[in-house]
A.B. asks: 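The structure that follows is given in the form of structure tokens.
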Amino acid sequence: MRIICVMNQKGGVGKTTSSVNLAAGLANAGRRVCLMDLDPQGHASLHFGVEAYDDTPTVYQVFSGTHTLAQVRQIVGKNLWLVPSNLDLAAAEMELVDSPDREVILRQAVKAMTAEQPFDYIVMDCPPSLGVLTVNALTAATEVFIPLQPHFFALQGLSKLFETTALVNRRLNRDLRVSGILLCLYETGTRLAADIADDLNTFLNRSDPNCPWADATIFKSRIRRNIKLAEAPSFGQSIFSYAANCPGAQDYGSLVEEVLQQEKEMEACDEADAPAAIPMSRAA
Ligand code: ADP
Ligand code: MG
């Protein structure tokens with residue numbers, strides 16, 4: 001099971017659009033996927049046409065301890081479940097201040113849910129901050145995807161984001177890795193995106209090999225600016241249902257393929273790590 005935290009403390013960089021369409025694309029590919037909306041703005045929920053009114057249990061109830069994830073998730077498509085959110089979640093940040101377990105609530109909830117019903121992927125759409133909700137997501141995750149909008153200030157703030165990942169890695173989640181950086185809202189025909197990708201590559205190559213982002217890849221798929229991606233949420237649909245042949249669907253389709261390719265590479269790695277794969281006599 002891969003638990004992917006889609007994070008960037010900046011707003012408007014493509015977190016929600018990427019979480020939603022990645023989750024939908026993986027579900028279309030036959031994976032069992034649970035998308036968790038961890039943003040009080042509830043955009044990922046709205047994207048699937050779920051408007052969580054007062055009587056709808058949301059992830060807020062999971063943070064307050066009255067509901068389990070299994071009790072709040074809804075099925076929103078074939079192979080696809082949504083844990084919705086709404087503005088109530090904004091209160092969680094304050095309410096959790098005095099709770100000693102505040103950083104591990106989501107991890108425990110995910111553990112309980114998946115023990116009962118397994119998923120291939122859990123995708124978590126984070127709010128635009130590095131507060132307790134994002135820390136919960138990082139603590140529960142196995143990996144982090146960072147959507148970036150390639151403009152001049154894109155790399156500014158990235159170090160803070162990496163620091164937070166490193167801190168959670170040290171204190172709460174030894175397995176946490178940044179596995180992918182995704183260029184979103186990409187303008188074709190400009191040098192800027194290519195320059196940013198180069199700068200980022202240089203930065204990653206110079207990083208300490210033990211840090212959580214040492215093996216991060218910049219996805220080859222670039223998500224071009226495409227108006228259909230901005231329209232799809234108002235129809236409560238993923239880009240694959242709303243406009244299956246538009247550039248946005250092609251770009252997210254190719255991201256899904258890369259993510260599935262990573263899955264194969266991880267399996268190959270696991271097999272190589274298995275003691276039976278390399279007899280000690282030959283390894284020596
Ligand atoms: P975040 O979750 O990081 O705040 P969103 O995914 O909500 O960012 O994107 C911000 C806005 O930009 C939304 O209105 C969304 O519909 C739009 N958007 C995101 N990606 C694209 C794209 N590739 N092309 C056009 N509009 C996009
Ligand atoms: Mg968002």
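Atoms within each ligand, like the ligands themselves, are counted from 1 in listed order.
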A.B. asks: Give me the atom names and distance for the closest heavy-atom approach of Leu106 to Met36.
C.D. replies: CD1-SD, 4.3 Å

A.B. asks: Taking the six-membered ring for Trp, are Trp81 and Phe119 parallel (under 30°), tilted (30 to 60°) or perpendicular (over 60°)?
C.D. replies: perpendicular

A.B. asks: For a ring pair (Phe, Tyr, Trp, His ring centres under 6.0 Å) with Phe145, tell me which candidate from Tyr121, Phe219, Trp213 qualifies.
C.D. replies: Phe219

A.B. asks: Before accepting this row, confirm whether a basic side-chain N of the pair Asp125/Lys15 lies closer than 4.0 Å to the acidic partner's carboxylate O.
C.D. replies: no

A.B. asks: For a quick check under 3.5 Å, do Thr139 and Asn173 share a side-chain donor-acceptor pair by atom type?
C.D. replies: no

A.B. asks: Just the protein N/O/S atoms under 2.8 Å from the Mg ion (ligand 2), please, no waters.
C.D. replies: Thr16 OG1

A.B. asks: Check for me whether the distance between the ring centres of Phe235 and Phe48 falls short of 6.0 Å.
C.D. replies: no

A.B. asks: Decide, yes or no, whether a salt bridge links Glu103 with Arg171 under the criterion of side-chain N to carboxylate O below 4.0 Å.
C.D. replies: yes

A.B. asks: Does the side chain of Val104 reach to within under 4.5 Å of the side chain of Gln108, using non-hydrogen atoms?
C.D. replies: yes

A.B. asks: Can you list every protein residue that has a heavy atom under 4.0 Å from any atom of ligand 1, sorted by chain and residue number?
C.D. replies: Gly11, Gly12, Val13, Gly14, Lys15, Thr16, Thr17, Leu185, Ile223, Arg224, Arg225, Asn226, Leu229, Ala230

A.B. asks: So, for Met7 and Pro147, which heavy atoms are closest and what is the spacing to 0.1 Å?
C.D. replies: O-CD, 3.5 Å

